[in-house]
Amino acid sequence: MRSAVHPLASRQHIRQEIRQRRRALSQKQQKHDAEELLIRFQQLPCVINANHIALYLSNDGEIDTQPLIDWLWQQGKSVYQPVLHPFSKGHLLFLHYTPNTRMKLNKYQIREPILDIRLVKPVNELDLVCTPLVAFDNTGQRLGMGGGYYDRTLNRWHNERLGPQPLGLAHDCQQVDSLPFEAWDVPLPEIITPSYHFTWPV
Ligand SMILES: Nc1nc2c(c(=O)[nH]1)N(C=O)[C@@H](CNc1ccc(C(=O)N[C@@H](CCC(=O)O)C(=O)O)cc1)CN2
Ligand SMILES: Nc1ncnc2c1ncn2[C@@H]1O[C@H](COP(=O)(O)OP(=O)(O)OP(=O)(O)O)[C@@H](O)[C@H]1O
């Protein structure tokens, strides 16, 4: 379902509306969406060809990424989790993540690995960055939670095509017709939802 968000609605308004829509999905719908997403994910060349993959833990009604993580582990691939940088505001670190990783809640109450610099993977050594989003439009523009974390992470890929490619993950109900965007926003080349694989030329 495409959204009926007003074309001139502010970023904050769209964020609130789509977050609310995402949180309102039933457990049954969430489970169905996660199963469909996994099937699509398993077939993507950008996933099959990657060995070092960043993936976040779902929060706030986001589509469940745990089945993707479990499958990547089964495939022998390495998974990395975003961790809020301890002093560089608005930046993320990516830490190697295994079933034994010790976790804590960050300031947004999202689970993240306890910081251990031995586990940090430089972003340019990742092959793929699975990217959370609140809303996306039919050109691949993305609106996130509002911290600019992924815009900063993907900045070099966007400007110089250096570093890992992003892959957006979302429920179908997070699609809107068009999003207002700012200079720093990084549009995504590829997004998967339970029922569609979107690609845009880069
Ligand atoms: N699952 C997941 N992990 C993620 C992200 C994400 O979008 N999803 N992020 C993607 O960037 C980063 C966290 N970004 C976030 C930015 C703002 C808020 C948030 O809830 N803000 C509050 C108010 C701010 C506050 O409490 O200080 C709000 O909007 O109500 C949460 C996460 C890193 N980890
Ligand atoms: N590459 C960048 N360099 C400096 N500041 C940036 C950059 N990207 C974003 N910002 C800043 O981050 C703030 C939040 O940006 P925005 O609202 O677009 O976040 P978002 O895309 O919704 O969140 P996220 O990327 O964390 O999911 C903005 O005030 C913006 O100035």
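Ligands are counted one by one from 1 in listed order, and the atoms in each one are counted from 1 as well. Hydrogens, waters and symmetry mates are skipped; everything else that's a heavy atom, side chains included, is used. Computed from a prediction, not measured in an experiment: that's the story for all the values here.
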Side chain to side chain contact (heavy atoms under 4.5 Å, CB included) test vs Leu119 passes for just one of Ile114, Leu95, Leu93, namely Leu95
So is Gly90 in contact with ligand 2, going by heavy-atom distances below 4.0 Å?
no
heavy-atom search around atom 12 (O) of ligand 2 in the protein gives Arg152 NH2, 3.4 Å
message = Using a plain distance cutoff, I'd like to know if Gly148 has any nitrogen or oxygen under 3.5 Å from a nitrogen or oxygen of ligand 2.
response = yes
Contact region, Leu133 to ligand 2, non-hydrogen atoms below 4.0 Å, reads neither
Below 4.0 Å from any atom of ligand 2, is there a heavy atom belonging to Met145?
yes
heavy-atom search around atom 27 (O) of ligand 1 in the protein gives Tyr108 CE2, 3.9 Å
Only residue of Leu133, Leu179, Ile191, Asp185 satisfying side chain to side chain contact (heavy atoms under 4.5 Å, CB included) with Arg142 is Leu133
The atoms of ligand 2 lying under 4.0 Å from a heavy atom of Asp151, numbered in the order shown, are 8 (N), 9 (C), 16 (P), 18 (O), 19 (O), 20 (P), 21 (O), 25 (O)
shortest atom 17 (O) of ligand 2-to-protein heavy-atom contact is with Arg15 NH2, 3.0 Å
**Prompt:** Is it the case that Ser178 and Asp137 place a side-chain donor and acceptor less than 3.5 Å from each other?
**Reply:** no
of all protein heavy atoms, closest to atom 33 (C) of ligand 1 is Leu92 CD2, 3.9 Å
the protein heavy atom lying closest to atom 27 (O) of ligand 2 turns out to be Arg142 NH2, 2.5 Å
Closest non-hydrogen contact found for Gln66 with Leu57 is OE1-CD2, 3.9 Å
My question is simple, although I want it checked carefully: is atom 2 (C) of ligand 1 less than 4.0 angstrom from any protein heavy atom? yes
Heavy-atom proximity to atom 20 (O) of ligand 1, picking from Met145, Gln109, Lys107, Gln81, points to Met145
Are any of the N/O atoms on Leu57, whether in the backbone or the side chain, positioned under 3.5 angstrom from an N/O atom of ligand 1? yes
Among non-hydrogen protein atoms, atom 25 (O) of ligand 2 lies closest to Tyr150 N, 3.0 Å
Test your reading of the model: is there a side-chain donor-acceptor pair from Lys77 to the backbone of Ile48, 3.5 Å cut-off? yes
Are Leu167 and Ile53 connected into the same hydrophobic cluster when the rule is that any two of I, L, V, M, F, W, Y join if their side-chain heavy atoms are below 4.5 Å apart? yes
The closest protein heavy-atom partner of atom 12 (C) of ligand 1 is Tyr149 CD1, 3.9 Å
- prompt: Is there a donor-acceptor contact under 3.5 Å from the side chain of Gln30 to the main chain of Gly61?
  reply: yes
- Query: Are Glu36 and Arg40 close enough for a salt bridge, meaning some N to O gap below 4.0 Å?
  - Reply: no
So, regarding Gly144 and ligand 2 (criterion: nitrogen or oxygen to nitrogen or oxygen, under 3.5 Å), is there a contact or not?
yes
Closest non-hydrogen atoms of Asn59 and Arg22, given as atom of the first, atom of the second and distance, are O-NH2, 4.3 Å
- Query: Short N/O distance, under 3.5 Å, between Glu62 and ligand 1?
  - Reply: yes
Legend entry - Gln12 and Arg15 side chains, donor-acceptor separation under 3.5 Å: yes
What one should report as the nearest heavy-atom pair of Arg11 and Phe181 is NH1-CA, 3.7 Å
re atom 28 (C) of ligand 1, the protein heavy-atom contact at minimum distance is Arg19 NH1, 3.5 Å
Next on the checklist: Using modelled atom types and a 3.5 Å cut-off, is there a donor and acceptor pairing between side-chain atoms of Gln175 and backbone atoms of Asp172?
Outcome noted: no
Does the residue Glu112 have a heavy-atom contact with ligand 1, meaning some pair of atoms that are separated by less than 4.0 Å?
no
For Tyr150, the ligand 1 atoms with a heavy-atom partner under 4.0 Å come out as 9 (N), 10 (C), 11 (O)
protein heavy-atom neighbour closest to atom 5 (C) of ligand 1 works out as Pro132 CG, 4.0 Å
If we number the atoms of ligand 2 from 1 as shown, the ones under 4.0 Å from a heavy atom of Gly147 are 12 (O), 14 (C), 19 (O), 23 (O), 26 (O)
Within 4.0 Å of some non-hydrogen atom of Asp185, the atoms of ligand 2 are 18 (O)
Atom 29 (O) of ligand 2 sits nearest the protein heavy atom Trp184 CZ2, 4.2 Å
- Item | Protein heavy atom under 4.0 Å of atom 22 (C) of ligand 1 | no
Under 3.5 Å, is there a donor-acceptor pair between the side chain of Trp200 and the main chain of Asn138? yes
Taking every heavy atom of Phe94 against every heavy atom of Thr153, the minimum-distance pair comes out as CE1-CG2, 3.7 Å
Side chain to side chain contact (heavy atoms under 4.5 Å, CB included) between Leu37 and Leu68, intermediate numbers included = CA-CA 8 Å; Leu37 193 80; Leu68 312 186; 3.9 Å; yes
among protein heavy atoms, the one nearest atom 4 (C) of ligand 1 is Ile110 CD1, 3.9 Å
re atom 26 (O) of ligand 2, the protein heavy-atom contact at minimum distance is Tyr149 N, 2.7 Å
So for Asn155 against ligand 2, with non-hydrogen atoms under 4.0 Å, the contacting part is side chain
Could you tell me whether a side-chain N or O of Arg152 sits under 3.5 Å from a main-chain N or O of Gly148, the two making a donor and an acceptor? yes
